[in-house]
> 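This is the structure I have questions about; it appears just below.
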Amino acid sequence: MNRSREGSEDRPALLGGRPVRPEGPPVWPGANAAVEEALRRAAAAGLWGRYHSEQSEALSAELAEFFQVPHVLLCASGTLAVEAALRACGVGAGDEVLLAAYDYEGNFLSVHAVGAVPVLVDVTALSWQLDAELLAAAASPRVKAVICSHLHGGIVDMPAVLELARQRGWYVIEDAAQAIGGQLQGRRLGSWGDIGVVSFGGSKLVAAGRGGALLCHEARLAQRLRLWLRRGPQEWAALSELQAAVVRPQLEQLPARTAQRAARAARLQAALAPFPALRRLAPPETPQTQPAFYKLGWDYDAAAFGLSRAHFLAALQAEGIAIAPGFRALHLHRSPSRYRAASPLRHATDAHHRCVLLHHPVLLGSEEDVLQIAQAVAKIHRYRQELAALPLPAPALSAD
Ligand SMILES: *Cc1c(COP(=O)(O)O)cnc(C)c1O
């Protein structure tokens, strides 16, 4: 074999070598025969101009069964659902809402949208999820609700959050936009809070291009959600019949897909064993607790790996892998007048600087697909010194 060619195949793509995935990351949601058929049938039924018809009603019932909750309201997006949940809980001007300082920025902005003040709580050291143990110290008479988001394959300690919230009279809003299909102690993520939120946004695990749903235990809260989402006779925030039609078959596929993603994530982690600088955020699965992977998140230790996060990510992206930094922590680059900090936000600051996220579609591929990621990491590690010398633009942070 030609030596120089062999050499070039072994080099990182960013240094002129051949990418491990020349075709780039898999597309999402991609072609899906069951979705095509559902869409064809919904279109043929001719009712797809309506707002609450056959498809939406069937989907609501299926979601109620899936999550084991009595009330389901479909709506136009996950972000809108969080705002609706805050309003249904009576959160308004002068109130406070607890949330993690490392969270989806839209949740912070939704708290502002209803006129309330976000109270930022640090995340746990090991998995960067809202730290339930810090909630009591963050309390004030103004706190009305807690937002808990399960992020990047991690799971918030919902029993601990609920126990404290019950004592204090706080509502719990559970954001399962990244965690649909996962479960904690045998109960679906999204069904633990007083109100749970899921998203059917285009990149999400169950995708309708846009859309969301609210999962609710109490009739009184469900009625308040309904009133706000319908605003009299107007359907300004509904999920469409065609969106509902494409969600239904994906909900059926979800348990098998969740299991496959978890198995691939575990295989990938095993293949990454030589690189302890990549520490997985998600807890290991047990029969009763199963994470869902909208993103597979790691704590990336740049010093231990020997390469900055920006260089590591740029090099992996050049290999054709959909990897990105995590969220911007909510307390950084923002005026302290926009929030109250409940405690030092040390781990949220770490998450801001160190988190790296693999986008989920590759986890539905073959075992070879995830092994390629480990090969790319190994290649980048071998060439870390050469890569570190490359000038790079600052990467965009993850928005969803
Ligand atoms: C995507 C996402 C949302 C918002 O969902 P949209 O339907 O895109 O508005 C909310 N929270 C988290 C954690 C998300 O990842």
Side-chain angles (χ1 to χ4, degrees), residues 28-29 59 63 72-87 97-114 118 120-121 123 127-130 145-156 158 161 172-182 189-190 192-193 195-215 229 236-240 243-244 246-247 250-251 261 281-282 291-297 322 324-330 348 351-352 355 357-361 396-400:
W28 185 260
L59 174 60
L63 287 168
V72 172
L73 291 108
L74 306 178
C75 67
S77 81
T79 302
L80 186 90
V82 170
E83 183 178 337
L86 289 165
R87 292 186 189 278
V97 176
L98 303 173
L99 77 165
Y102 180 85
D103 195 359
Y104 175 63
E105 187 183 21
N107 290 346
F108 181 93
L109 297 175
S110 294
V111 174
H112 278 290
V114 304
L120 301 181
V121 178
V123 292
S127 72
W128 291 340
Q129 309 297 309
L130 174 71
V146 189
I147 298 176
C148 307
S149 306
H150 309 291
L151 296 176
H152 316 338
I155 300 178
V156 176
M158 293 308 293
V161 172
V172 176
I173 298 169
E174 184 187 8
D175 177 352
Q178 296 206 353
I180 191 168
L189 300 178
W192 284 81
I195 300 179
V197 168
V198 291
S199 163
F200 307 130
S203 67
K204 291 288 167 21
L205 295 172
V206 171
R210 268 262 131 242
L214 289 136
L215 316 163
L229 289 171
W236 66 287
L239 191 79
S240 79
Q243 288 172 319
V246 306
V247 168
Q250 293 178 77
L251 193 62
R261 281 187 284 258
L281 300 177
F293 292 104
Y294 167 61
K295 304 281 182 184
L296 174 51
F327 295 143
R328 249 179 1 179
L330 298 171
H352 172 100
C355 187
L357 300 177
L358 177 69
H359 196 37
H360 65 84
L397 287 155
S398 180
D400 61 1

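Atoms within a ligand are numbered from 1 in the order they appear, just like the ligands themselves. All residue numbers in this chain count up from 1 along the given sequence.
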> Can you find a non-hydrogen atom of Lys204 under 4.0 Å from ligand 1?
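It does, in that a heavy atom of Lys204 comes within the 4.0 Å cut-off of ligand 1.
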
> Return yes when Asp103 approaches ligand 1 closer than 4.0 angstrom through a heavy atom, no otherwise.
no

> Among protein heavy atoms, which sits nearest to atom 8 (O) of ligand 1, and what does the distance come to when rounded to 0.1 Å?
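Going by distance alone, atom 8 (O) of ligand 1 is nearest to Arg210 NH2, 3.3 Å.
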
> Hey, is Thr79 touching ligand 1 through its side chain, its backbone, both or neither, going by heavy atoms under 4.0 Å?
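Thr79 to ligand 1: contacts from backbone and side chain alike.
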
> Starting from atom 3 (C) of ligand 1, locate the nearest protein heavy atom and write down its residue, its atom name and how far away it is, to 0.1 Å.
Tyr104 CE2, 3.5 Å

> Side chains of Val197 and Leu214: does their closest heavy-atom pair fall under 4.5 Å?
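A side-chain contact under 4.5 Å exists here.
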
> Just which atoms of ligand 1 are under 4.0 Å from any heavy atom in Ser77?
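Counting atoms of ligand 1 from 1, those under 4.0 Å from Ser77 are 7 (O), 9 (O).
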
> With heavy atoms of Gln178 as the reference, note each atom of ligand 1 found under 4.0 Å away.
13 (C), 15 (O)

> For a quick test of reading the model, state the closest non-hydrogen atom pair linking Val247 to Val206 and the distance between them.
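Smallest heavy-atom distance, with atoms named: CG1-CG1, 3.8 Å.
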
> May I ask you to check if ligand 1 and Asp175 share an N or O to N or O distance below 3.5 Å?
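Min N/O separation from ligand 1 is below 3.5 Å for Asp175.
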
> Write down the atom of His150, the atom of Gly154, and the distance for their closest heavy-atom approach.
CB-O, 3.5 Å

> In terms of atom number and element, which parts of ligand 1 are under 4.0 angstrom from non-hydrogen atoms of Gly211?
7 (O)

> Are the side chains of Cys355 and Tyr102 in contact, using a 4.5 Å heavy-atom criterion?
yes

> Please find the pair of heavy atoms, one from Trp236 and one from Leu229, that lie closest to each other, and give the distance.
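Smallest heavy-atom distance, with atoms named: NE1-O, 3.2 Å.
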
> Taking the side chain as every heavy atom from C-beta outward, state whether His360 and Leu296 have any atom pair closer than 4.5 Å.
no

> In the structure I gave you, are the side-chain heavy atoms of Leu239 and Leu59 within less than 4.5 Å of one another anywhere?
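Sidechains of Leu59 and Leu239: in contact.
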
> Look only at interatomic distance and state if Gly78 has a nitrogen or oxygen under 3.5 Å from any nitrogen or oxygen of ligand 1.
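The answer is yes, given that Gly78 and ligand 1 share an N or O pair closer than 3.5 Å.
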
> So, for Tyr294 and His152, is the gap between ring centers shorter than 6.0 Å?
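That pair fails the under 6.0 Å test.
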
> Counting heavy atoms only, name the option from Ala177, Gly202, Ser199 that's nearest to atom 5 (O) of ligand 1.
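That would be Ser199.
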
> Against heavy atoms of Leu151, which atoms of ligand 1 measure under 4.0 Å?
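Listed by number with element, the hits are 13 (C).
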
